[in-house]
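Take a look at the structure below.
Below, all heavy atoms of this structure are taken into account, side chains as well, without hydrogens, waters or symmetry copies.
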Amino acid sequence: MTRRQGRILGAQVALFAAAVGVAVQSSDAGDWRPLELVILLFVLAAGSEVMTIEFRGFRISASFLAIVLAMALLGPAPAAAIGVASMLVDGLVNRAARWQVLTNVWTYTLFPVAGGVMMMALAGDPRSYGSDAIGFAAAVLIVFMVMNALNFVLVVLTRRAPSISIRDVVVHAFLPVLPAEFATGLLTAGVALVYSRIGVAAVGLLAVVIFIFQYLFRAGVQAFERGEELGKRTHELAALQVGLLSTVVQTLSMRDAMTARHSAAVARYAR
């Protein structure tokens with residue numbers, strides 16, 4: 001292990017310990033009620049890991065939606081517990097390497113606790129959401145977008161190849177899917193708003209949100225990849241046209257040097 005890797009590991013352990021400490025300190029028995037909500041969000045989070053989408057070397061699933069709702073409706077500790085449990089299920093199902101499971105556990109402890117604390121700062125105790133349902137839904141959207149960015153940063157820092165710059169990862173992997181993420185954040189906030197009206201039954205809508213998320217994200221990835229392929233083909237066609245014109249100019253130069261120089265000058269000005 002290099003010195004740099006040792007420092008990174010030490011920072012991860014320290015942040016993990018701090019997140020666990022915050023979760024334990026801020027938790028009480030009321031955070032885990034109603035129990036059926038905890039179980040439902042866990043099932044949705046773990047089940048979403050089965051429908052992951054590969055993009056630019058990153059695995060993206062809709063479990064994030066269930067974890068954000070856990071942050072909002074339950075608190076930091078249940079959200080972290082659901083996140084860690086879903087990652088353990090994912091590790092077992094996909095037979096992931098031990099280091100990858102540990103990285104996922106660290107990540108899915110840190111950002112749910114951070115999001116739960118942020119949610120409490122914005123909207124107060126989760127059990128008092130009914131006093132301002134619109135404000136509560138707006139807070140859910142803000143937390144969704146901020147934690148989505150934090151989750152992306154954590155994944156990049158722990159899995160990015162040294163030869164790839166963070167800027168390239170942001171431009172090519174994060175920004176293309178940001179519109180779909182925002183739309184999904186709006187839907188998640190909508191589920192939170194409905195929950196304030198009808199209770200646990202509203203979380204059943206999350207299954208629909210997850211389906212919409214997968215559809216929007218997959219469509220966005222496909223559109224982005226088609227755009228890249230079109231750009232590549234356009235570049236190849238342009239290169240072919242330049243090569244063809246160069247051949248014509250060379251042929252002219254063998255027959256009429258003056259016409260060839262004139263053609264080259266016109267081509268240069270046109271370019």
Side-chain angles (χ1 to χ4, degrees), residues 19-20 22-52 61-93 104-105 107-144 147-148 151 184-214:
V20 171
V22 170
V24 171
Q25 185 67 27
S26 63
S27 179
D28 59 44
D31 291 346
W32 302 88
R33 292 194 294 266
L35 183 59
E36 57 268 27
L37 176 62
V38 179
I39 295 173
L40 180 57
L41 290 176
F42 164 69
V43 170
L44 288 172
S48 297
E49 291 299 320
V50 180
M51 302 184 293
T52 55
S61 78
S63 63
F64 184 80
L65 283 68
I67 296 171
V68 169
L69 278 182
M71 298 176 201
L73 303 178
L74 298 171
I82 290 171
V84 170
S86 65
M87 288 301 101
L88 292 176
V89 170
D90 175 67
L92 288 174
V93 171
N104 288 340
V105 166
T107 302
Y108 278 75
T109 300
L110 186 58
F111 86 80
V113 171
V117 171
M118 182 180 178
M119 190 69 206
M120 292 174 65
L122 291 174
D125 191 312
R127 283 159 286 188
S128 65
Y129 59 84
S131 59
D132 183 11
I134 300 298
F136 182 77
V140 171
L141 176 60
I142 293 171
V143 170
F144 183 99
M147 290 304 110
N148 180 58
N151 183 36
T184 308
L186 287 173
L187 291 171
T188 306
V191 171
L193 182 63
V194 175
Y195 180 87
S196 68
R197 300 286 190 271
I198 64 175
V200 176
V203 181
L205 293 174
L206 188 60
V208 178
V209 174
I210 288 174
F211 173 78
I212 294 173
F213 169 86
Q214 297 285 26

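- Between Ile134 and Leu193 there is a side-chain heavy-atom pair separated by less than 4.5 Å.
- Partners of Val105 under the side chain to side chain contact (heavy atoms under 4.5 Å, CB included) rule, at least two apart in sequence or in another chain, are Phe16, Val84, Leu88, Val101, Thr109.
- The minimum heavy-atom distance between Phe42 and Ser86, with the atom names listed, is CE1-N, 4.1 Å.
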Please table the atom pairs, donor to acceptor, closer than 3.5 Å between any side-chain atom in residues 113-124 and protein atoms at least two apart or in another chain.
none

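- With Asn104 contributing its side chain and Thr107 its backbone, the two residues share no donor-acceptor pair below 3.5 Å.
- Contacts of Leu92 classified as side chain to side chain contact (heavy atoms under 4.5 Å, CB included), with partners at least two apart in sequence or in another chain: none.
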Mind listing the side-chain donor-acceptor pairs of residues 63-82 below 3.5 Å, one per line with the distance, residues two or more places apart or on another chain?
unit_1 : atom_1 : unit_2 : atom_2 : d
Ser63  : OG     : Glu49  : OE2    : 2.6
Ser63  : OG     : Ser61  : OG     : 3.0

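- Between Tyr108 and Asn151 there is a side-chain heavy-atom pair separated by less than 4.5 Å.
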